[in-house]
Amino acid sequence: MAESLAGAQTALDYIRNRMEKARRRFGAPPEAVELVAVSKTFPAAAIEPFLLAGQRVFGENRVQEAKEKWPGLRAKYPDIALHLIGPLQTNKAREAVELFDVIESVDRDKLAGILAREMARQGRSLPCFVQVNIGGEAQKAGIAVSEAVDFVRRCRAEHGLDIVGLMCIPPDGQPPGPYFAHLAQLGREAEVPRLSMGMSGDFETAIAMGATSVRVGSALFGRRTTPA
Ligand SMILES: *Cc1c(COP(=O)(O)O)cnc(C)c1O
């Protein structure tokens, strides 16, 4: 465990250092950029060194997987914040509200309504992000760009959700900068304070464009050997 703790500490220091340098490139820097350590596909034993090294914010993309891994870790580390970063089916909303602290993938009215109902039922008001399909890709989750601002308004006014920001995953194989800039623009129009954008390959660009959270998986945990 000591060796893996040193490894986790080194990986975290390296990423945080790069984040700080990128933050200085952004004109009006936010206070700090949050690092969401994306632990999907990695077992609890691989996550624990990161907890020992002080990391407290994690991202998972599947409800079922989070349910298997996180209750045990949470019992030992009660101050963690677990973000759901993957698509959510309405029939999993109840479990998602039980297991997660932040939902980053709100992208349609039906889901927003059911999440709001579950939060009220469980007495847990979770901060949420609206996921935007920033590249307009048919296969990707997220609300359409043209509907995003209106959807944020509806989530707040009609569903009563606490929408704190926007989230996106830009298209593969294209420079991500313009997509991040577009999300930042939508964030200003929708009047949300936070932007969750940037992954292992592009988090510095995202921070330079105003990201307030980056979601970093493989650059911390190593290459995923099982499909996410
Ligand atoms: C897997 C995943 C990440 C992390 O990806 P890496 O390239 O491993 O950093 C970030 N965001 C979402 C939504 C993901 O599914």
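When a ligand or atom number is given, it counts from 1 through the structure's own listing order. The chain is numbered in sequence order, starting from 1.
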Asks: Counting both backbone and side chain atoms, is some N or O of Asn61 under 3.5 Å from an N or O of ligand 1?
Replies: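 No, since none of the N or O atoms of Asn61 sits under 3.5 Å from an N or O of ligand 1.
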Asks: Using a strict 4.0 Å cut-off to heavy atoms of Ile169, name the atoms of ligand 1 that fall inside it.
Replies: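 Answer, ordered by atom number: 13 (C).
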Asks: What is the distance from atom CZ of Arg117 to atom CZ of Arg94, rounded to the nearest 0.5 Å?
Replies: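 One finds 9.0 Å between CZ of Arg117 and CZ of Arg94.
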Asks: To which protein heavy atom is atom 9 (O) of ligand 1 closest, and what is the distance rounded to 0.1 Å?
Replies: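 Protein heavy atom with the smallest distance to atom 9 (O) of ligand 1: Ser200 OG, 2.5 Å.
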Asks: Do me a favour and list the nearest non-hydrogen protein atom to atom 11 (N) of ligand 1 with residue, atom name and distance?
Replies: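 Ranking protein heavy atoms by distance from atom 11 (N) of ligand 1, first comes Arg215 NE, 2.9 Å.
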Asks: Is there a donor-acceptor pair under 3.5 Å between the side chain of Arg56 and the backbone N or O of Ala81?
Replies: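 Side chain of Arg56 to backbone of Ala81, a donor-acceptor pair under 3.5 Å: no, none is there.
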Asks: Is it true that Glu137 and Lys140 make a salt bridge, defined as a side-chain N closer than 4.0 Å to a carboxylate O?
Replies: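 Judged by the 4.0 Å cut-off on N to carboxylate O distance, Glu137 and Lys140 do form a salt bridge.
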Asks: Any idea which protein heavy atom is nearest atom 12 (C) of ligand 1, and the distance to it?
Replies: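 Going by distance alone, atom 12 (C) of ligand 1 is nearest to Ile85 CD1, 3.5 Å.
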Asks: In the protein, what heavy atom is nearest to atom 10 (C) of ligand 1, and what distance, to one decimal place, separates them?
Replies: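 Minimum-distance protein heavy atom for atom 10 (C) of ligand 1 reads Met199 SD, 3.1 Å.
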Asks: Quick one: does ligand 1 sit under 4.0 Å from the side chain of Glu104, the backbone, both or neither, non-hydrogen atoms only?
Replies: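 For Glu104, no heavy atom sits under 4.0 Å from ligand 1.
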Asks: Charged N to carboxylate O below 4.0 Å: is that the case for Lys76 and Glu48?
Replies: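 Yes, this pair counts.
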Asks: How about Trp70 and Phe58: are their ring centres within less than 6.0 Å of each other?
Replies: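 When the ring centroids of Trp70 and Phe58 are compared, they turn out to be within the sub-6.0 Å range.
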Asks: Let me confirm one number: the CZ-NZ distance from Arg62 to Lys40, rounded to the nearest 0.5 Å.
Replies: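 NZ of Lys40 is found 9.5 Å from CZ of Arg62.
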Asks: Is Gly201 in polar range of ligand 1, meaning some N or O pair under 3.5 Å apart?
Replies: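 Min N/O separation from ligand 1 is not below 3.5 Å for Gly201.
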Asks: When you measure from atom 14 (C) of ligand 1 to every protein heavy atom, which one gives the shortest distance, and what is it?
Replies: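 It is Lys40 NZ, 3.0 Å.
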Asks: Would you kindly specify which portion of Val216 sits under 4.0 Å from ligand 1, judged on non-hydrogen atoms: side chain, backbone, both or neither?
Replies: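 The part of Val216 near ligand 1 is the backbone, not the side chain.
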Asks: Is there a continuous path of hydrophobic side-chain contacts, each under 4.5 Å between heavy atoms, that joins Met209 to Met167?
Replies: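 No; tracing contacts between hydrophobic side chains, which count when under 4.5 Å, never links both residues.
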